[in-house]
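The next block holds one structure in the form of structure tokens; read it before the comments.
Below, chains carry the letters A, B, ... as their sequence lines are ordered, and counting in each starts from 1. The analysis underlying the following values was restricted to heavy atoms, covering all of them including side chains, and did not include hydrogens, waters or symmetry mates.
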Protein chains: 2
Amino acid sequence: MVEFHVDRGSGFPAYLQLGQQVREAMRLGWLQPGDRLPTVRDVVATSGVNANTVLKAYRELELAGLVEARQGSGTFVKGTLGSAAPEVLDPLREGLAKWVAEARSAGLEDEDIYALLREVLSGGAQ
Amino acid sequence: MVEFHVDRGSGFPAYLQLGQQVREAMRLGWLQPGDRLPTVRDVVATSGVNANTVLKAYRELELAGLVEARQGSGTFVKGTLGSAAPEVLDPLREGLAKWVAEARSAGLEDEDIYALLREVLSGGAQ
DNA sequence: TCTATTGTCCTAGTTCACTAGAACAATCTG
DNA sequence: CAGATTGTTCTAGTGAACTAGGACAATAGA
């Protein structure tokens, strides 16, 4: 089961945070087709956001074809995202963890690491 | 000189995007103490956001002690962020680029890569 | 069938990001 | 000094995000 963590006051919309967390869990293989998302009321109780906000997040995921809402029973993962095959991800994760350890021992903070990745992904100096 | 790229419609506030881009440029060593940020009017002309929005971004950076606004002459980088020594960053960037190439040839999209990094940084399975 | 659970809708209202446009104030340059 | 450039302030308004609270509808399970 996925556990949502909504950071109010971070500036960006709660419904986007929820959506992103679902997508991310799908990419990492934590959520697979058929899995059930937390109940709207669950999320309300857990994260403190309003039911309409949760609904908005879920509706966007549904529009994107990623989940399917079934009244009375819950919201279920329907599609797939990314190439979340564990046999592909696992070795990559290991390699990344190694690099991260290196970066951290060189004194880099998490934000430095994110910045560096964004730079590399967007093609260097641009 | 830093070039801003504001993605309207991405959902999160323009002033946060501007602030983040300055912080990131500082982390990567593109902006160093004494460097001048683009003029408020420059950013307005370039990115299309309103002057007040740019001002809000700059004011937040100033409150954080990262920049200093001097009326009549511009806004200048004051503090430092991260450990942006090139002799430290360069080899790390190289190693990361290598890993990214590997991940991409394994079929991962950028979003997969971000998700994986977030997972690793937050300490694995959490 | 009855009941609990779930998603869904509705109305009303508040807060905040952002826009628009104008004016002022300090600094630099010639 | 004069003019251009820069940051700064102000007022007014729009739209979106979010809250609050209630009600309805479909499904699952006993």
Length of the line joining Glu68(B):CD and dT6(D):C1', which is rounded to integer Å
14 Å
I want to confirm an ordering. Mapping Asp42(A) and Gln17(B) to their closest nucleotides on DNA chain C, which one lands closer to the 5' end?
Asp42(A)
Check whether any side-chain N or O of Ser105(B) sits under 3.5 Å from a backbone N or O of Glu102(B) as a donor-acceptor pair, and report yes or no.
yes
Which value, rounded to the nearest 0.5 Å, describes the distance between Leu61(A) atom CG and Thr75(A) atom OG1?
9.0 Å
Residue Thr53(A), side-chain heavy atoms: nucleotide from dA17(C), dC18(D), dT19(C) that is nearest:
dC18(D)
Between the axis at one end of the helix from dT1(C)-dA30(D) to dG30(C)-dC1(D) and the axis at the other (five pairs apiece), what's the angle to 10 degrees?
40°
Given that Ala51(A) and Gln71(A) both sit by DNA chain D, which one's nearest nucleotide is further toward the 5' end?
Ala51(A)
Counting side-chain heavy atoms from C-beta on, which of dA26(D), dA17(C), dA17(D) comes nearest to Lys56(A)?
dA17(D)
Could you tell me whether the side chain of Trp30(A) and the main chain of Val22(A) form a donor-acceptor pair under 3.5 Å?
no
So, is Arg59(B) near the phosphate of dG7(D), with a side-chain N or O under 4.0 Å from OP1 or OP2?
no
Out of dA17(D), dG7(D), dT9(D), which nucleotide sits closest to the side chain of Tyr15(A)?
dA17(D)
Gap between atoms CD and P, on Glu60(A) and dG7(C) respectively (whole Å)
17 Å
So, does the side chain of Asn52(B) form a donor-acceptor pair with the base of dG21(C) at under 3.5 Å?
yes
Between dT19(D), dA17(C), dT8(D), which nucleotide gets closest to the side-chain atoms of Leu55(B)?
dT8(D)
Look at the side chain of Arg36(B) and the backbone N and O of Ser73(B), then say whether any donor-acceptor pair between them is shorter than 3.5 Å.
yes
Let's see if you can work this out: which of dT6(C), dC18(D), dG7(D) has an atom nearest to the side-chain heavy atoms of Arg36(A)?
dT6(C)
Using the side-chain heavy atoms of Thr39(A), tell me which of these nucleotides is nearest: dA20(D), dT6(C), dC18(C).
dT6(C)
Closer than 3.5 angstrom, by distance alone: can the side chain of Asp90(A) be matched with the main-chain N or O of Glu87(A) as a donor-acceptor pair?
no
So if I take every side-chain heavy atom of Arg8(A) and compare against dT8(D), dA28(D), dT19(D), which nucleotide ends up nearest?
dT19(D)
Check whether any side-chain N or O of Ser73(A) sits under 4.0 Å from OP1 or OP2 of dG7(C), and answer yes or no.
no
With no angle test and no hydrogens, is the base of dG7(C) tied to the side chain of Arg41(A) by a donor-acceptor pair under 3.5 Å?
yes
Ignoring the backbone of Thr75(B), work out which of dT19(C), dG7(D), dC18(C) is nearest its side chain.
dG7(D)
